[in-house]
Protein chains: 2
Amino acid sequence: MAATIKDIAKKAGVSPATVSRVLSNQTAFYSEKTAKKVKKAAKELGYQRNTAAVELVTQRSKVIAAIVSSTQTNFSDQIIDGIQQVANQNNLNVIILYAGEKDTQMQRKALETVIERSVMGILLIAVDLDPSNEGLLTSANIPYLFLSITLKNRELPFITSDDFQIGYQATHYLIQKGHSRIGLVAADLESVTGHLRLEGYNQAMHDHGLVIHPEWVCDGDFAYEDGVVAMKQYGHNPPVTAVVASSDLAAIGVMNQAQEFGLKIPDDLAVISVDGTKLCQIVRPQITSVTQAFFEMGVRGMNRLINWPAADEKPLYTPIKIVERQSV
Amino acid sequence: MAATIKDIAKKAGVSPATVSRVLSNQTAFYSEKTAKKVKKAAKELGYQRNTAAVELVTQRSKVIAAIVSSTQTNFSDQIIDGIQQVANQNNLNVIILYAGEKDTQMQRKALETVIERSVMGILLIAVDLDPSNEGLLTSANIPYLFLSITLKNRELPFITSDDFQIGYQATHYLIQKGHSRIGLVAADLESVTGHLRLEGYNQAMHDHGLVIHPEWVCDGDFAYEDGVVAMKQYGHNPPVTAVVASSDLAAIGVMNQAQEFGLKIPDDLAVISVDGTKLCQIVRPQITSVTQAFFEMGVRGMNRLINWPAADEKPLYTPIKIVERQSV
DNA sequence: CTGTTAGCGCGTTCAT
DNA sequence: ATGAACGCGCTAACAG
């Protein structure tokens with residue numbers, strides 16, 4: 001059904017090789033006249049190149065795969081925008097695959113899908129790769145990079161924010177604002193990310209000679225519900241005057257539940273969130289946040305993939321900044 | 001570098017054809033013994049099938065492409081979840097591509113990318129296809145379906161909510177609650193979707209003998225900002241007592257601006273939104289909405305693609321329902 | 001049950 | 001500047 005270069009060749013009265021050259025080899029190894037004939041025939045036949053054949057013979061692909069965990073958070077859009085921008089500039093295609101939430105099966109399937117297609121690079125966005133799938137990724141001989149996640153396995157390359165600094169600066173900011181009883185909410189303490197943020201939090205408290213009560217820190221998974229649950233644990237009369245929420249959604253969870261308790265934000269309880277997505281601006285009060293440079297993560301990730309192998313293989317940290325709004 | 005079936009064949013002492021049969025042809029046209037040998041060799045060599053070669057020879061693909069417009073709204077996740085579920089059940093792969101926002105170039109590029117790969121089906125999520133790209137899609141000989149959008153060109157198959165009903169029921173609901181001066185906000189009047197909703201709104205007003213003031217309806221593009229702008233136009237002393245917002249984000253925009261004006265929701269102004277995503281539950285007051293069955297759209301879309309060509313080619317409407325929360 | 005052969009559509013030598 | 005021939009990795013048809 002679909003037209004091939006052979007069909008075009010016949011129609012234009014040239015050889016398939018010439019057609020191939022006109023349609024892909026930019027360097028002008030052919031005359032203008034034949035080029036015109038070929039292009040005309042191609043258009044008339046509605047020719048669409050067969051990527052499978054091209055990739056089979058050239059042994060490479062112009063596709064970047066972005067694998068995202070359908071996480072509770074909502075910043076992947078920004079990262080993908082960054083990826084797309086660079087892809088467009090370099091005439092690359094990006095395909096996005098979902099890897100589910102801590103779903104080893106889906107992770108594996110997504111990886112296999114892109115590896116079988118030998119994409120030119122793999123970007124893993126906030127996916128906490130199951131160890132059993134590591135081999136698949138590392139032995140595929142395809143450049144890859146983790147984005148927006150700090151990994152247990154430090155051998156794997158990643159670009160993210162400095163989670164220790166996130167914890168530290170958020171806490172420090174609250175302390176500067178006069179708070180001394182500070183909670184940490186929904187931080188996924190099992191993960192490296194959560195662990196580092198906790199350390200930053202601890203360090204900041206320590207640096208200011210503040211005591212820490214273990215019951216001030218609540219585990220969770222960045223979800224809205226985790227914020228609600230944490231606040232319920234604090235109760236009507238919370239032991240803390242401020243909290244660091246590990247995501248914007250989690251922050252909204254604590255704020256809503258706090259208001260449920262009749263608490264005023266920020267007077268009775270100050271809240272600072274981590275991420276700084278658009279959500280912070282559309283809820284009331286607007287949320288003061290430690291804002292991450294997600295777009296930049298995408299851009300840098302792509303650049304690193306394109307310039308593979310990079311000279312500099314160290315993990316790269318994108319900047320964070322505190323954006324003051326109304327919740328502190 | 002990568003192992004091929006030839007390598008496996010050599011290692012296992014069989015022919016490539018046999019390897020191929022073991023590794024893909026489920027029907028047991030081979031002995032258990034050789035199968036075991038082959039699988040062992042494959043694992044040892046870290047074999048990964050070359051999809052390009054497979055697709056080249058079989059002339060078909062197990063990939064469904066979902067093209068999404070990076071729209072202001074945020075319901076595509078739900079649709080994609082539905083798609084993914086059906087895909088998993090049928091052992092299909094889903095790849096997602098961004099088509100930008102009314103960006104003809106990116107639309108074309110996304111389409112070309114998936115057509116060149118001759119995916120088995122294309123799902124277009126909320127993308128308002130530029131007429132210049134229609135030919136590309138329709139002549140590719142690949143099943144396709146528009147999701148969550150009503151098109152000008154009724155020849156193109158789609159699955160969405162009944163936009164007339166959305167407009168009608170939202171308005172009707174407000175009238176039932178005692179409102180007679182009702183606004184319509186951010187409805188993208190240029191689009192068929194917006195147009196139909198407006199008609200539904202008009203009809204509902206008409207059916208109850210209510211007059212319509214043209215200045216009550218504000219154009220827009222489903223965005224948060226459109227809600228803000230519309231509310232600013234209404235002013236401190238709005239001519240309406242209730243509004244239908246065309247998206248959850250737009251609803252939040254009007255609510256925020258209304259509160260800016262010192263108006264209380266729902267007492268001074270009632271708001272009903274269209275979509276009913278999770279946003280409705282996390283803002284305060286929670287938003288009463290006309291909730292669309294996005295997940296179901298994804299599921300039905302996939303099923304229709306899988307059973308292509310369907311006997312029933314009529315556009316299919318997924319149900320809508322009004323979910324009462326706190327904003328009316 | 002298994003091996004041999006052919007060819008999917010294309011880019012790429014090597015000739016001319 | 002152009003054409004003929006080859007082969008990428010794999011499945012399908014046909015023998016055996």
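Bear in mind the structure is a predicted one, so any value in this text is a computation, not a measurement.
Going from atom NZ of K37(B) over to atom P of dC1(C) covers 14 Å, rounded to whole Å. Straight-line distance from the CG atom of D7(B) to the P atom of dC10(D): 9 Å, rounded to whole Å. Atom CD1 in I115(A) sits about 17 Å away from atom P in dG9(D), given to the nearest Å. Rounded to whole angstrom, the span from the NZ atom of K36(A) across to the P atom of dT2(D) amounts to 14 Å. Atoms CZ (R60(B)) and C1' (dC10(D)) sit 13 Å apart, rounded to a whole Å. Atom CZ of R117(A) is separated from atom P of dG9(D) by 17 Å (rounded to the nearest Å).
Fit an axis to the five pairs at each end of the helix from dC1(C)-dG16(D) to dT16(C)-dA1(D) and the two axes sit 40° apart, to the nearest 10 degrees.
Partners of R300(A) according to the side chain to side chain donor-acceptor pair (under 3.5 Å) rule, which considers only residues two or more places apart in sequence or in another chain, are E296(A). Judged as a ring-ring contact (aromatic ring centres under 6.0 Å, His included), and not counting sequence neighbours, the contacts of F294(B) are F75(B). In terms of the ring-ring contact (aromatic ring centres under 6.0 Å, His included) criterion, Y98(A) has no residue partners (sequence neighbours excluded). With sequence neighbours excluded, the residues forming a side chain to side chain donor-acceptor pair (under 3.5 Å) with T34(B) are S31(B), listed by chain and number. K11(B) meets the salt bridge (Lys or Arg N to Asp or Glu O under 4.0 Å) test with E44(B); sequence neighbours excluded.
Distance check: M297(B) CE to I80(B) CD1 gives 13.0 Å after rounding to the nearest 0.5 Å.
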Please report, to 0.1 Å, the donor-acceptor pairs under 3.5 Å made by any side chain of residues 81-91 of chain B, with sequence neighbours excluded.
none

For residues 122-139 of chain A, tabulate all N or O donor-acceptor pairs below 3.5 Å that involve a side-chain atom, not counting sequence neighbours.
{"residue": "D130(A)", "atom": "OD1", "partner": "S132(A)", "partner atom": "N", "Å": "3.0"}
{"residue": "D130(A)", "atom": "OD1", "partner": "S132(A)", "partner atom": "OG", "Å": "2.6"}
{"residue": "D130(A)", "atom": "OD2", "partner": "T104(A)", "partner atom": "OG1", "Å": "3.4"}
{"residue": "N133(A)", "atom": "OD1", "partner": "R108(A)", "partner atom": "NE", "Å": "3.1"}
{"residue": "N133(A)", "atom": "OD1", "partner": "R108(A)", "partner atom": "NH2", "Å": "3.3"}
{"residue": "N133(A)", "atom": "ND2", "partner": "T104(A)", "partner atom": "O", "Å": "3.3"}
{"residue": "N133(A)", "atom": "ND2", "partner": "Q107(A)", "partner atom": "OE1", "Å": "3.3"}
{"residue": "E134(A)", "atom": "OE1", "partner": "N153(A)", "partner atom": "ND2", "Å": "3.0"}
{"residue": "T138(A)", "atom": "OG1", "partner": "E134(A)", "partner atom": "O", "Å": "3.1"}
{"residue": "T138(A)", "atom": "OG1", "partner": "G135(A)", "partner atom": "O", "Å": "3.3"}
{"residue": "S139(A)", "atom": "OG", "partner": "G135(A)", "partner atom": "O", "Å": "2.6"}

- Message: Base contacts versus sugar-phosphate-only contacts with protein, heavy atoms under 4.0 Å: please encode nucleotides 3-10 of chain C as B, S and - from 5' to 3'.
- Response: BB--BBBB

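Distances shorter than 4.0 Å separate some side-chain N or O of S31(B) from OP1 or OP2 on dT2(C).
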